[in-house]
J.: 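Can you read through this structure? Questions will come right after.
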Amino acid sequence: MAGTKRQQAIRRALRALAPGIPLVDAEAVLTLAERRHMKELPPSTALWLSLGSHIRHVHTDYERLLAEGYERDAARFFVADETDAVLTGWGCQRSVSDGEDTEAI
């Protein structure tokens, strides 16, 4: 597996956390997790935050809710079930509804 140790750790974390993620989504999540402002976080945390962010922005109505004037926290609340449904579909055992933070991105 090519890449830095951190990149390898992030890829391993993604395979373990969401084994059924489609390749196009996996690539986008990995790109987010490897961004400069994520470097200070442990790889698994960077991955979790990136996964939640990607799903929110790409697979839910989050952007529409923001455009309609909802505050960020309210929009996140309203898309939590959709986000969890995508996570479950990708084989993920974690949930944003469990109060786990998906802040930072």
Side-chain angles (χ1 to χ4, degrees):
M1 178 183 321
T4 66
K5 288 183 180 183
R6 179 175 177 78
Q7 289 169 328
Q8 292 173 13
I10 290 170
R11 287 187 199 115
R12 278 192 304 274
L14 180 58
R15 280 194 304 276
L17 187 60
I21 188 172
L23 181 58
V24 68
D25 292 298
E27 290 173 348
V29 169
L30 291 171
T31 297
L32 288 173
E34 293 170 359
R35 290 174 67 187
R36 177 173 290 155
H37 71 281
M38 302 292 261
K39 297 274 188 213
E40 298 300 318
L41 299 172
S44 60
T45 301
L47 187 277
W48 176 247
L49 294 173
S50 299
L51 187 61
S53 177
H54 173 74
I55 292 170
R56 236 187 352 268
H57 288 276
V58 176
H59 294 282
T60 72
D61 290 331
Y62 181 72
E63 293 285 340
R64 181 184 57 79
L65 292 171
L66 292 177
E68 290 177 3
Y70 283 84
E71 295 292 326
R72 186 176 64 163
D73 289 339
R76 287 176 183 214
F77 171 80
F78 288 118
V79 301
D81 288 342
E82 288 177 88
T83 303
D84 284 340
V86 174
L87 287 167
T88 299
W90 292 349
C92 184
Q93 302 299 311
R94 288 178 74 176
S95 166
V96 297
S97 296
D98 292 339
E100 297 191 30
D101 192 12
T102 54
E103 201 66 34
I105 297 181

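Every value quoted in this text rests on a predicted model; they were computed, and no experiment measured them.
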J.: CH2 of W90 to CG of D25: how many Å apart, nearest 0.5 Å?
T.: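 One gets 4.0 Å once the value is rounded to the nearest 0.5 Å.
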
J.: Tell me every residue that passes side-chain hydrogen bond (donor to acceptor under 3.5 Å, both in side chains) with E40, counting only those two or more places apart in sequence or in another chain.
T.: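 Partners of E40 by the side-chain hydrogen bond (donor to acceptor under 3.5 Å, both in side chains) criterion come out as none, since no residue qualifies.
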
J.: For E27, what residues pass the side-chain hydrogen bond (donor to acceptor under 3.5 Å, both in side chains) criterion, not counting sequence neighbours?
T.: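 Once residues adjacent in sequence are excluded, E27 has no partner under the side-chain hydrogen bond (donor to acceptor under 3.5 Å, both in side chains) criterion.
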
J.: Looking at residues at least two apart in the chain, or sitting in another chain, which of them share a side-chain contact (heavy atoms from CB on, under 4.5 Å) with T45?
T.: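 For T45 the side-chain contact (heavy atoms from CB on, under 4.5 Å) partners, ignoring immediate neighbours, are L41, P42, L49.
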
J.: Members other than Y62 in its cluster, when Ile, Leu, Val, Met, Phe, Trp, Tyr link by side-chain heavy atoms under 4.5 Å?
T.: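 Y62 shares its hydrophobic cluster with L65, L66, Y70, F77, F78, V79.
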
J.: Would you give the length of the straight line joining atom CG of L17 to atom CD of Q93, rounded to the nearest 0.5 angstrom?
T.: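 Answer rounded to 0.5 Å: 9.0 Å.
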
J.: Stepwise, does the side chain to side chain contact (heavy atoms under 4.5 Å, CB included) test hold for M38 with L32?
T.: CA-CA 8 Å; M38 302 292 261; L32 288 173; over 6 Å; no

J.: Give, for atom NE2 of H54 and atom CG of L47, the distance between the pair rounded to the nearest 0.5 Å.
T.: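 One gets 12.0 Å once the value is rounded to the nearest 0.5 Å.
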
J.: Which residues satisfy the side-chain contact (heavy atoms from CB on, under 4.5 Å) test with D81, sequence neighbours excluded?
T.: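 For D81 the side-chain contact (heavy atoms from CB on, under 4.5 Å) partners, ignoring immediate neighbours, are S97.
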
J.: Sequence neighbours excluded, which residues qualify as salt bridge (charged side-chain N to carboxylate O under 4.0 Å, His left out) partners of R6?
T.: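 R6 satisfies salt bridge (charged side-chain N to carboxylate O under 4.0 Å, His left out) with no residue once adjacent residues are dropped.
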
J.: For V29 versus I21, what's the shortest heavy-atom pair and its separation?
T.: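 Scanning both residues, the minimum pair turns out to be CG2-CD1, 4.1 Å.
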
J.: For the CD1 atom of I10 and the NZ atom of K5, what is their distance to the nearest 0.5 Å?
T.: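 If we round to the nearest 0.5 Å, I10:CD1 and K5:NZ are 14.5 Å apart.
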
J.: Which heavy atom in W48 sits nearest to a heavy atom in C92, and how many Å separate them?
T.: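 Where W48 meets C92 most closely, the heavy atoms are CZ3-SG, 4.0 Å.
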
J.: Run the side chain to side chain contact (heavy atoms under 4.5 Å, CB included) check on D61 and E82 step by step: do they pass?
T.: CA-CA 9 Å; D61 290 331; E82 288 177 88; 4.2 Å; yes

J.: Could you measure the distance from the OG atom of S53 to the CZ atom of R35? Nearest 0.5 Å is fine.
T.: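 Output value for this atom pair is 8.0 Å.
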
